[in-house]
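Just below is one structure, and these are the notes that go with it.
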Amino acid sequence: MTLFLQLVLSGLGWGGIYALAALGLTLIYKTSNVVNFANGALATVVSMLVWTLHTSVGMPIALSWLLAVAAGALLGALTDVMFMRRLRSAAIIVSIVMTLGLLLLFEGLTGVIWGFEPKAVPLVLNGPVITYGSLAISRNNLFIAGLTVVLGLVLYVFYEHTRPGLAVRAVAEDPEVAMLMGISRRRVVTASWAAGVAIAGAAATLAVPASGGLTPTFMESIAVYAFAASVLGGFGSLLGAVVGGFLIGIVTNLVAGYWSNNLQLTLVFALIVAVLYIRPEGLFGRRARVRV
Amino acid sequence: MYAFRVWRLRRSWVPAGMALATVLSVAACGSSGSSSSGSSSATANGVTSSTITFGQTVPKTGPAALYGESTAGVQAYFDFVNAHGGVKGRKLKLISLNDQYEPPVALQDTKTLVFTDHVFAEVAVNGSATTEANITVLDPNNVPLVGPQTGATIFAGTFRKNLYNVWPAYLVEGRLLGAFAQQQHLAKVGVLYQNDDFGKSLLQGVKNSGLKPAMAIPYDPTQTDFSAQAAQFKSAKVNAVIILAIPVPTTDFLNALAAVNFKPVRIMSQVSAIPQQFQTAPQDFPGSFSGAFIPPLQETSDPQVKAFLSGMSTYQPGKPPSVFAAWGWTEAQVAVAGLKAIKGTITRDSYEAALNSLSNLATLGGAISYSSTSHTGIKHMFIVEAKNGQRVRMTG
């Protein structure tokens with residue numbers, strides 16, 4: 001039982017990171033219908049900025065983190081304006097291929113600018129591990145899980161209970177009608193890219209201290225799990241992204257702990273296949289309806 | 001209207017084209033981290049009147065990117081030799097390609113080195129699975145490989161005509177690590193090992209020492225989340241964990257142990273116990289030990305260490321004189337010693353005959369002897385302890 005509880009507790013940290021990264025994907029997908037495969041690479045740029053501000057400039061880690069996340073928002077907005085906006089009228093597949101190109105572009109440029117050797121980024125929240133009997137969870141993991149839940153709630157309130165949130169939903173539901181109502185689709189989509197990259201950047205920076213150092217490609221496997229979390233929860237659903245992320249973090253731990261380490265990814269995707277077979281829209285996604 | 005649409009469509013492809021072009025150029029830069037330019041002047045076997053060209057595949061990106069630092073060690077030794085007249089009137093050249101620690105990429109790189117760049121031989125190729133990919137091209141074309149950076153049984157335990165081991169066999173290292181754990185009277189020892197020839201060979205060595213691990217858990221080299229494994233070792237209450245992993249997963253695992261407040265003794269393979277890597281790992285662990293064949297680099301009274309540090313600062317200034325670079329320097333020492341021992345024309349056959357004649361060759365990593373029936377690498381290893389970012393010798 002102790003092992004079970006420890007595996008669940010440990011799963012909250014990485015689950016929170018997957019959930020945050022999935023939230024980033026979801027925000028962009030909600031308004032643009034594009035699965036942004038470059039989100040991990042863009043998030044890595046944010047982490048590199050944290051490293052630069054903290055290590056080279058000497059800023060406190062918390063301030064570096066906030067500034068870099070803000071810069072991440074700017075990077076997301078610029079990516080949309082420079083690369084994605086012109087593809088809006090083209091088929092979605094063109095935009096998706098563009099994000100794959102951007103993934104390689106940003107990974108390559110990050111390597112050229114910052115190098116490929118692993119870099120250390122300190123924990124945002126440090127301190128002794130919290131223990132209860134033989135169970136333990138690090139403060140950083142607890143912070144990640146808490147931040148994910150709070151951010152999920154904030155985004156939920158924003159989308160469901162504010163006028164700007166209503167505008168975003170209107171663009172997501174029917175861009176043409178939204179434009180007729182005077183809502184700028186361009187601004188809404190660009191803002192979504194800004195928020196999506198900023199949140200993914202926060203996830204990446206939180207992941208660095210738990211991983212073997214910051215490298216241009218360190219987000220690749222995390223991005224796979226984030227994508228899986230989005231699909232599991234239902235693409236476009238904020239609640240789905242959060243629940244999907246935590247579920248994947250915990251389930252992979254339980255699979256590795258009780259069954260086989262090598263089957264983690266296999267069983268996660270088997271679970272996704274099973275869920276999609278029963279509920280194609282994912283756990284919390286809305287069923288698409290076509291009215292004639 | 002049609003023309004407008006076509007114009008719009010074309011405009012929409014401009015950024016896509018720009019992105020693709022940039023990606024291709026960046027990818028090209030990333031994949032060819034060559035220390036020297038291509039070998040346009042090389043003949044079919046990589047030897048001209050003025051140059052001898054060697055090739056290398058090594059990860060410069062990805063989870064094993066740190067190993068790419070070995071290129072600087074090879075290049076520094078080649079530059080040192082070139083500065084002293086070269087070998088038989090020829091300068092040494094190195095073409096080093098990034099294999100990303102991916103066997104399919106290593107295979108493609110090797111084809112490029114052999115069929116396009118026409119290298120004379122390969123040196124300091126990194127990784128077990130990637131070396132396996134290399135030899136599928138090298139063997140049928142009789143291209144020598146000096147110093148694969150692996151001690152996997154598939155190489156170290158099997159005689160291959162054109163492959164010259166430098167590293168100690170993983171079986172030897174595993175046995176050393178297992179014996180050390182027993183000497184420390186650690187009652188319950190767990191093992192984390194990479195699920196390939198590298199990890200399995202080391203694990204076999206550990207078992208050959210007589211140690212019976214309480215549990216042995218495999219991992220995938222691209223894995224980042226080790227929280228389940230940390231919880232398993234904690235739940236099993238092991239006193240020590242023998243970590244048979246590459247650097248990044250090692251650090252991930254150490255961080256996962258710290259996150260569950262579990263601090264067993266760490267005994268690591270020499271491929272993962274890297275001082276730089278400790279900077280991204282928890283610092284407050286008790287004993288941290290590893291196998292080694294490269295002497296601690298602060299032992300400057302050792303003439304081999306002194307020559308290496310001097311060579312790195314002179315010929316590769318700015319590049320870290322790391323253990324990885326020391327690997328490359330050692331392997332280059334063997335490759336060059338073979339060239340110098342050639343009698344008559346420089347051909348691959350005469351090179352292999354010369355390498356076979358090397359006896360008790362002193363290198364940075366230890367003595368090397370080959371024969372026509374044995375290409376075994378360095379035989380002596382010792383234990384070092386990680387202290388304050390340095391490796392401190394514990395056994396002789």
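Numbered from 1 within each chain, the chains take letters A, B, ... in sequence-line order. What you see below is based on every heavy atom in this structure, not just the backbone, and it leaves out hydrogens, waters and symmetry mates. Note that the structure is predicted; figures quoted are calculated from it, not measured.
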A:R88 bridged to A:D80 by N-O distance under 4.0 Å: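 Yes, A:R88 and A:D80 are salt-bridged.
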Stepwise side-chain contact (heavy atoms from CB on, under 4.5 Å) test for B:T251 and B:N255: CA-CA 6 Å; B:T251 314; B:N255 281 312; 3.7 Å; yes
B:K319 side chain to B:T71 side chain, donor-acceptor N/O pair below 3.5 angstrom: no
Heavy-atom contact with chain A under 4.5 Å, split by part of [X]:
X: B:D225; value: both
X: B:A259; value: both
X: B:S235; value: side chain

Parallel, tilted or perpendicular: ring planes of B:W327 versus B:F324, cut at 30 and 60 degrees: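 Rings of B:W327 and B:F324: perpendicular, as their planes differ by over 60°.
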B:T250: which of B:I243, B:L244, B:L192, B:V271 passes side-chain contact (heavy atoms from CB on, under 4.5 Å):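 The single option meeting the side-chain contact (heavy atoms from CB on, under 4.5 Å) with B:T250 is B:I243.
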Under 4.5 Å heavy-atom distance to chain B, tell me which part of [X] shows up: side chain, backbone, both or neither.
X: A:L9; result: neither
X: A:F4; result: neither
X: A:S221; result: side chain

Partner chain A: residue of B:I217, B:N195, B:N261 with the largest heavy-atom pair count (under 4.5 Å): B:N261
Nearest-0.5 Å distance, CZ of residue B:F233 to CG of residue B:L257: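 The distance works out to 8.0 Å.
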